[in-house]
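Read the structure below first, then the notes.
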Amino acid sequence: MPDYDDSPEQEFEGPSKSARKRQMTALQDLGESLTTLSEKQLAKVPIEDPRLLEAIREARRIRSNSARKRQLQYVGKLMRSVDPEPIQAALDAMRQVHHRQTESFHELEQLREAVLVAGPAGADLVLRRWPRADRQQLRQLILQHQRELKADKPPTASRKLFRYLRQLLESDPGHS
């Protein structure tokens, strides 16, 4: 009969093998997400270990699937020796900025569509949001868009209107 001793001296301390494997996989995934960043974005991430930086850059260059997989495992191994929290925080901040930019882009697209659908009265939609906007320029772009639609021409005025709306948004002091 096996000897089971439930005394405190024999209790297991530390994470299970499965938990350690999940942790290592999470670190490898974090390292893999670093390989998708541009050099400019990577420079914003607080990575102290030069070996890790070089391994990430090397993983970007590798095209062979099996070699890339081995390189990513190496990146994961190097990730075990660094604190992943500041790296994760930097990635989360980048994603948040990207999300806000995308959201802002979609809002501008919707505003542009509403302005163009409303016709010349659509200038008021923009002026409510940005009172200092140029009413004359807005009306010209809207009328130009209508002429382009009738003549079956490319939507040049629509694109110009979007650029103008983006300029208004970026010059808005409340915009970050």
Side-chain angles (χ1 to χ4, degrees), residues 1-116 129 154-176:
M1 182 166 186
D3 182 24
Y4 293 110
D5 185 10
D6 291 334
S7 65
E9 295 86 27
Q10 294 223 340
E11 281 187 26
F12 176 74
E13 292 184 24
S16 68
K17 184 177 179 182
S18 297
R20 286 194 314 266
K21 187 170 182 176
R22 280 192 299 273
Q23 187 179 26
M24 284 186 251
T25 303
L27 288 173
Q28 185 174 336
D29 291 344
L30 181 61
E32 185 171 359
S33 66
L34 292 172
T35 65
T36 64
L37 299 177
S38 70
E39 197 60 37
K40 185 177 176 183
Q41 291 170 319
L42 190 59
K44 294 177 184 178
V45 179
I47 300 174
E48 308 291 321
D49 188 352
R51 294 176 310 153
L52 177 58
L53 274 173
E54 185 52 40
I56 290 168
R57 289 182 178 119
E58 182 64 29
R60 280 196 234 155
R61 290 187 287 265
I62 296 174
R63 297 292 167 231
S64 166
N65 281 339
S66 57
R68 182 172 165 73
K69 186 175 180 179
R70 280 192 304 276
Q71 186 67 17
L72 290 174
Q73 287 174 335
Y74 178 63
V75 168
K77 179 181 177 185
L78 292 174
M79 290 290 296
R80 290 182 223 153
S81 65
V82 299
D83 182 11
E85 288 182 20
I87 295 171
Q88 186 65 54
L91 287 175
D92 291 343
M94 279 186 230
R95 286 187 191 110
Q96 216 171 25
V97 166
H98 178 72
H99 179 70
R100 280 195 305 269
Q101 289 172 340
T102 303
E103 211 171 75
S104 177
F105 180 84
H106 291 303
E107 286 175 11
L108 285 179
E109 281 182 327
Q110 290 170 351
L111 178 59
R112 174 187 62 184
E113 289 307 311
V115 167
L116 294 175
R129 185 164 176 185
T156 307
S158 175
R159 291 185 192 116
K160 286 180 184 176
L161 177 60
F162 184 82
R163 282 194 294 272
Y164 182 62
L165 293 175
R166 191 171 58 209
Q167 285 174 355
L168 290 172
L169 178 66
E170 289 171 356
S171 66
D172 186 4
H175 174 69
S176 55

Do Ser104 side-chain atoms and Arg100 backbone N/O form a donor-acceptor pair below 3.5 Å? no
Residues two or more places apart in sequence or in another chain: which of them pass side-chain contact (heavy atoms from CB on, under 4.5 Å) with Ala19? Pro15, Ser16, Arg22
If you measure from CG on Leu52 to CG on Leu34, what distance do you get to the nearest 0.5 Å? 7.0 Å
Can you list the steps and then say if His106 with Thr102 is a side chain to side chain contact (heavy atoms under 4.5 Å, CB included)? CA-CA 6 Å; His106 291 303; Thr102 303; 3.5 Å; yes
So, using side-chain contact (heavy atoms from CB on, under 4.5 Å) as the criterion, who are the partners of His99 when residues are at least two apart? Glu103
Go through the structure and list residues passing side-chain contact (heavy atoms from CB on, under 4.5 Å) with Phe162, not counting sequence neighbours. Phe105, Leu108, Glu109, Arg112, Arg166
Under 3.5 Å, which donor-acceptor pairs do the side chains of residues 65-79 form with other protein atoms, sequence neighbours left out?
from: Arg68; atom 1: NH1; to: Ala59; atom 2: O; distance (Å): 2.7
from: Gln71; atom 1: NE2; to: Ala55; atom 2: O; distance (Å): 3.1

Excluding sequence neighbours, so at least two apart, what forms ring pair (Phe, Tyr, Trp, His ring centres under 6.0 Å) with Tyr164? none
Taking only residues two or more places apart in sequence, or in another chain, which ones meet Glu107 in a salt bridge (Lys or Arg N to Asp or Glu O under 4.0 Å)? none
Can you list the residues that meet the salt bridge (Lys or Arg N to Asp or Glu O under 4.0 Å) rule with Glu54, with sequence neighbours excluded? Arg61
Under the side-chain hydrogen bond (donor to acceptor under 3.5 Å, both in side chains) rule, collect the residues that match up with Glu48, sequence neighbours excluded. none
Sorted by chain and number, sequence neighbours left out, side-chain hydrogen bond (donor to acceptor under 3.5 Å, both in side chains) with Arg95 holds for Asp92
My understanding is that only residues two or more places apart in sequence, or in another chain, count here; which of them pass salt bridge (Lys or Arg N to Asp or Glu O under 4.0 Å) with Arg51? Asp49
Applying side-chain contact (heavy atoms from CB on, under 4.5 Å), can you list everything that pairs with Arg60, at least two apart in sequence or on another chain? Thr35, Glu39, Leu42, Ile56, Arg57
Nearest heavy atoms of Ala90 and Pro46, plus distance in Å: CB-CD, 3.7 Å
Test of understanding: with salt bridge (Lys or Arg N to Asp or Glu O under 4.0 Å), list the residues that count as partners of Arg63, not counting sequence neighbours. none
Determine, step by step, whether Thr36 and Gln41 satisfy the side chain to side chain contact (heavy atoms under 4.5 Å, CB included) criterion, reporting the C-alpha distance in whole Å, the side-chain angles of both residues, the deciding distance to 0.1 Å, and the verdict. CA-CA 10 Å; Thr36 64; Gln41 291 170 319; over 6 Å; no
Yes or no on side chain to side chain contact (heavy atoms under 4.5 Å, CB included) for Leu37 and Lys44, after CA distance, side-chain angles and deciding distance? CA-CA 10 Å; Leu37 299 177; Lys44 294 177 184 178; over 6 Å; no
